[in-house]
Amino acid sequence: MIIDFRSDTVTKPTPGMMEAMMHASVGDDVFGEDPTINLLEKRMAGLFGMEAALYCASGTMSNQVAITSHTRPGDEVICEQEAHVYIYEGGGIAFNAGCQVRPVAGDRGRIRAEQVLKSINSKDVHKARTSLVCLENTSNRGGGSCYDFNEIIKIKEVCDTHQLNLHLDGARLFNALVAKNEKPDDYGSVFHSISVCFNKGLGCPAGSMLMGSEKFIHQARRVRKVFGGGMRQAGFFAATAVYALDHHIERLATDHLHAKKIEAALQNHPLVKMVLPVETNLVIFELKDGVDMGGFISRLREREILLLPISDRRLRIITHLDISADMLLIFLKALTHIS
Ligand SMILES: *Cc1c(COP(=O)(O)O)cnc(C)c1O
C-alpha cells in the first residue's frame, strides 16, 4: 500500500464521484450549453457572492486567465516572492500577460498592506504601470499558512486608493475557510477575482473556478478560449466538482487534524530541525544539518511512504482525501524507526 504524501493532487475519484460523472448531463460548453458547467459556475459565483464564474482546466489556467484579463503588456504585478503565480506557472505572467513581477518578501507567503503600498510604482514614465496585486491563501510555499482577513481588507484599501486590481490565488481557499471558519462571500466582497482548485484537497481529477464581475468573466472567457481552454463536454469533470462541494468540504478538517499530528511527531523527531507552523493540510519541515535528505526520503520510500523535497533543505508532506487514519498511524510508526 503506497502512502502518498507528495501532494493533495494525487487523489483518485471516489466511487460516489465516479457515479456523479457517469450521470452528468453535458453539452457544448463553448456554446454555453453544458448544463453541469452552467450549474457549477452559478453555484460557485453564488457561494462567493460574485456575479459570474468561469470553469477552467487547472488552477494555473484560472490564475493566468485572470492575470491576463486584469493587465496590459508592460504592467507590473505585485505578489509574494514565493507565490505560485510567480514561481510555479512557467513564467506565465511574462509569457501570457506580457507583464513583469514585483516580488515581495513576506511571512510564510503572506504580504502586508504597507509592503504593497511601498511596491507601487510612481506614474513616472520610466516605471512599469503597477496594475495588479495577487495574494495566495492558503500559501503553498508558506506551508499552508492562512491570511488574517483584516490584513486582506487593509490590502484592498491600498488597492482601491491606487486603482489596482486584487486577485486571490485560492487554490486551497477551502482549506483556509474550513480552518478559520470564514465565509466565502466575505472573500467575494473584497477581491476582484478569485481562483479555486477542485483538483487539490477536494479530490477531483481536474478543474478550477475563476470568479469575478460579469464584465471581468466575459473578458476571461475570451482569454480562456485564446489559451485553448474551451473544453466542450467538460460537464463530466464539472460533475465531480459539484459532488465535491456536497461531500468533500467539511472533511478537510480531518486532513488538518492529520497534519497537526504529523507536525507534533516531527517536532519530537531526532533528525528534524524545524517544522513550519501547521495551519491546514501542509507540513513543511527541515532536517538537521548533516542529515542526508536523500537517505531520509529513500528510507521512507522503502516503506512505500512518499514525500516531496521542495528545496535542497526542505521536505513537504500534504494530507488529503486518500490518506486514511490507518495510513497516518503507519507513517507515524515508520518515523520512529528512522533515526
Ligand atoms: C496547485 C496550485 C495552483 C495551480 O493549480 P494546478 O491546477 O496544478 O494548475 C495554483 N496556486 C497554488 C497556490 C497551488 O498550490
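Computed from a prediction, not measured in an experiment: that's the story for all the values here. Counting starts at 1 for both ligands and their atoms, in listed order. The residues of the chain are indexed from 1 along the displayed sequence.
At least one side-chain heavy atom of Arg43 sits less than 4.5 Å from a side-chain heavy atom of Val242. Residues Glu182 and Tyr187 are in side-chain contact: their nearest non-hydrogen atoms beyond the backbone lie under 4.5 Å apart. The shortest side-chain heavy-atom distance between Leu40 and Phe198 falls under the 4.5 Å cut-off.
Of the protein's non-hydrogen atoms, the one nearest atom 11 (N) of ligand 1 is Asp169 OD2, 2.6 Å. Looking from atom 10 (C) of ligand 1 to the surrounding protein, the closest heavy atom is His84 ND1, 3.3 Å.
With a 4.0 Å cut-off on non-hydrogen atoms, Asn63 touches ligand 1 through its side chain and not its backbone.
Listed by number with element, the atoms of ligand 1 under 4.0 Å from a non-hydrogen atom of Ser58 are 7 (O), 9 (O). Close approach of ligand 1 to Gly59 (heavy-atom distance below 4.0 Å) involves ligand atoms 4 (C), 5 (O), 6 (P), 7 (O), 9 (O). Taking every non-hydrogen atom of Thr60 and a distance limit under 4.0 Å, the qualifying atoms of ligand 1 come out as 4 (C), 5 (O), 6 (P), 9 (O). Residue Asn199 has at least one heavy-atom neighbour below 4.0 Å for each of these atoms of ligand 1: 7 (O). Residue Glu89 approaches ligand 1 through these ligand atoms, each under 4.0 Å from one of its heavy atoms: 10 (C).
The side chain to side chain donor-acceptor pair (under 3.5 Å) test with Arg129 is passed by exactly one of Thr71, Asn121, Asp75: Asp75. Between Phe5 and the choices Ile305, Leu306, Leu315, Leu300, the side-chain contact (heavy atoms from CB on, under 4.5 Å) rule is met once, by Ile305.
For Cys197, the closest heavy-atom approach to ligand 1 falls below 4.0 Å. Every heavy atom of Met61 sits 4.0 Å or more from the atoms of ligand 1.
At a 3.5 angstrom cut-off on N or O pairs, Ala171 does not count as close to ligand 1. The N/O atoms of Glu136, backbone and side chain alike, include none that comes under 3.5 Å of an N/O atom in ligand 1. For ligand 1, the polar-atom distance check against Lys200 finds a nitrogen or oxygen pair separated by under 3.5 Å.
Classification of the His70-Phe216 ring pair by plane angle, with boundaries at 30° and 60°, yields parallel. The aromatic rings of Phe48 and Phe174 sit perpendicular, their planes meeting at an angle over 60°, well past the 30° parallel limit.
Checked against the 6.0 Å centroid threshold, Tyr243 and His248 count as a close aromatic pair.
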Q: For Asp160 and Lys156, run side chain to side chain contact (heavy atoms under 4.5 Å, CB included): C-alpha distance rounded to whole Å, both residues' side-chain angles, the deciding distance at 0.1 Å, then the answer.
A: CA-CA 6 Å; Asp160 284 348; Lys156 164 72 165 168; 3.3 Å; yes
